[in-house]
Amino acid sequence: DEIFIRIIHPDDLPHVFAFQEKIMAAADEETLEIEYRMQHHSGEWLTFRSYERPFLRDSEGSVQHKIGIAIDITEHKLAKENLQKQLTVIQLSNKISNQFHMLTIDQIDEGINSVLAEIANFVGANRSSIFQFSDDLKTMTNSHEWCESQDDSQIELLQGIPFETFGVHTNTLKRHE
């Protein structure tokens, strides 16, 4: 048990110990599966999926040995999480596109603010804004804003801001990047 306590993620320990008890009670042909995190000697947490089954029993039928395999699925889980994030972005993009498709001209500003709220919620922000640049790229103005708390609104303060305020980012913005 000591080795588990040292290398298994603390949040996964109860699950791993319960799994070990299940293996001891499993039928001979029963293969059980578990997913857990284990700490690499570098300190990084890796995710594993293990498949185990009873292998050898004593004369009383108690499991003496088990056999299994542990597969590092860390990269697989990260890829799956990234794909899920991409899918969520695509779904949000489609939802936003569909919302605007249904709006009348009188509803555009309200629609933009609704979209800003959805974007902020998606990325975990408490504010989301749109800035409009002047034709000569000398100033920018906060044209739309969503805030979790209206007390935090900055839209009135962010009007006619000199473009140079962005320093090193000015060229990037001018190239529309």
Side-chain angles (χ1 to χ4, degrees), residues 5-16 18-19 33-50 70-177:
I5 293 169
R6 284 195 324 244
I7 65 172
I8 301 295
H9 193 284
D11 294 344
D12 296 340
L13 276 172
H15 184 58
V16 169
F19 178 78
E33 177 182 341
I34 185 173
E35 193 173 295
Y36 56 94
R37 292 164 289 177
M38 191 164 48
Q39 194 168 32
H40 188 270
H41 65 82
S42 69
E44 177 185 9
W45 289 103
L46 304 176
T47 303
F48 285 85
R49 181 172 293 133
S50 289
I71 302 166
D72 181 350
I73 62 166
T74 307
E75 302 251 341
H76 171 79
K77 284 204 58 116
L78 291 174
K80 186 176 178 180
E81 289 170 10
N82 286 334
L83 283 173
Q84 184 58 50
K85 286 178 187 176
Q86 290 175 13
L87 177 61
T88 304
V89 168
I90 289 168
Q91 290 170 334
L92 179 60
S93 176
N94 287 338
K95 181 179 179 184
I96 290 169
S97 177
N98 288 336
Q99 284 176 341
F100 274 99
H101 180 70
M102 306 294 282
L103 297 178
T104 65
I105 195 75
D106 297 347
Q107 298 170 321
I108 294 291
D109 285 334
E110 183 181 320
I112 290 172
N113 288 332
S114 174
V115 165
L116 288 174
E118 289 195 48
I119 291 169
N121 288 327
F122 176 73
V123 299
N126 60 5
R127 174 193 327 279
S128 183
S129 302
I130 293 179
F131 287 86
Q132 185 172 356
F133 294 94
S134 63
D135 290 338
D136 61 5
L137 294 178
K138 291 189 179 189
T139 62
M140 62 178 228
T141 296
N142 189 178
S143 61
H144 296 83
E145 175 189 63
W146 174 86
C147 292
E148 196 170 57
S149 167
Q150 288 304 316
D151 294 337
D152 293 334
S153 178
Q154 300 288 314
I155 195 166
E156 298 301 323
L157 301 171
L158 300 173
Q159 302 296 307
I161 300 169
F163 197 67
E164 294 77 33
T165 303
F166 291 96
V168 297
H169 302 291
T170 302
N171 289 333
T172 302
L173 290 169
K174 283 183 179 179
R175 290 190 307 265
H176 304 286
E177 293 178 2

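We count residues from 1, following the sequence as given.
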Test side chain to side chain contact (heavy atoms under 4.5 Å, CB included) on Phe122 and Val89 and set out the steps.
CA-CA 9 Å; Phe122 176 73; Val89 168; 3.4 Å; yes

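Residues that satisfy the side-chain contact (heavy atoms from CB on, under 4.5 Å) test with Leu78, not counting sequence neighbours, are Thr74, Glu81.
Residue pairs that meet the side-chain hydrogen bond (donor to acceptor under 3.5 Å, both in side chains) test with at least one member in residues 104-124, sequence neighbours left out, are Lys95-Glu118, Gln99-Glu118, Thr104-Gln107, Asp109-His144. Among residue pairs with one or both ends in residues 156-167, none qualify as side-chain hydrogen bond (donor to acceptor under 3.5 Å, both in side chains); sequence neighbours excluded.
Between Phe48 and Tyr36, the ring-plane angle classifies as parallel under the 30° and 60° cut-offs.
Counting non-hydrogen atoms of other residues, nucleotides and ligands closer than 6.0 Å to CD of Gln91 gives a total above 12. Around atom CD of Glu75, no more than 12 heavy atoms belonging to other residues, nucleotides or ligands sit under 6.0 Å away.
Using modelled atom types, one side-chain atom of Asp12 and one backbone atom of Arg37 make a donor-acceptor pair closer than 3.5 Å. Panel note: side chain Thr139, backbone Ser134; no donor-acceptor pair is recorded below 3.5 Å. Although no hydrogens or angles enter the test, the distance criterion places no donor-acceptor pair under 3.5 Å between the side chain of Ser97 and the main chain of Ser93. Side chain of Glu145 to backbone of Ser153: no donor-acceptor contact under 3.5 angstrom is found. Under a 3.5 Å cut-off, the side chain of Asn142 and the backbone N or O of Ile130 do form a donor-acceptor pair.
What you find for Ile96 and Ile119 is that their closest heavy atoms are CD1-CG1, 4.2 Å. Here the shortest heavy-atom pairing between Leu158 and Phe131 reads CD1-CZ, 3.8 Å. Residues Leu103 and Gly111 share a closest heavy-atom pair of CD1-CA, 3.7 Å. Of all heavy-atom pairs between Arg6 and Gln39, the closest is O-OE1, 4.2 Å.
The distance from atom CG of Leu87 to atom CG of Asn82, rounded to the nearest 0.5 Å, is 12.5 Å. Here the CD1 atom belonging to Ile73 is positioned 9.0 Å from the OG atom belonging to Ser50, to the nearest 0.5 angstrom. Within the model, atoms OG1 of Thr141 and CD of Gln132 stand 7.0 Å from one another, a figure rounded to the nearest 0.5 Å. The CD1 atom of Ile155 sits 14.0 Å away from the CH2 atom of Trp146 when rounded to the nearest 0.5 Å.
Evaluated for a side-chain contact (heavy atoms from CB on, under 4.5 Å) with Trp45, the options His40, Met38, His9 yield exactly one hit, His9.
Within the 4.5 Å cutoff, no side-chain heavy atoms of His76 are placed close to those of Thr47.
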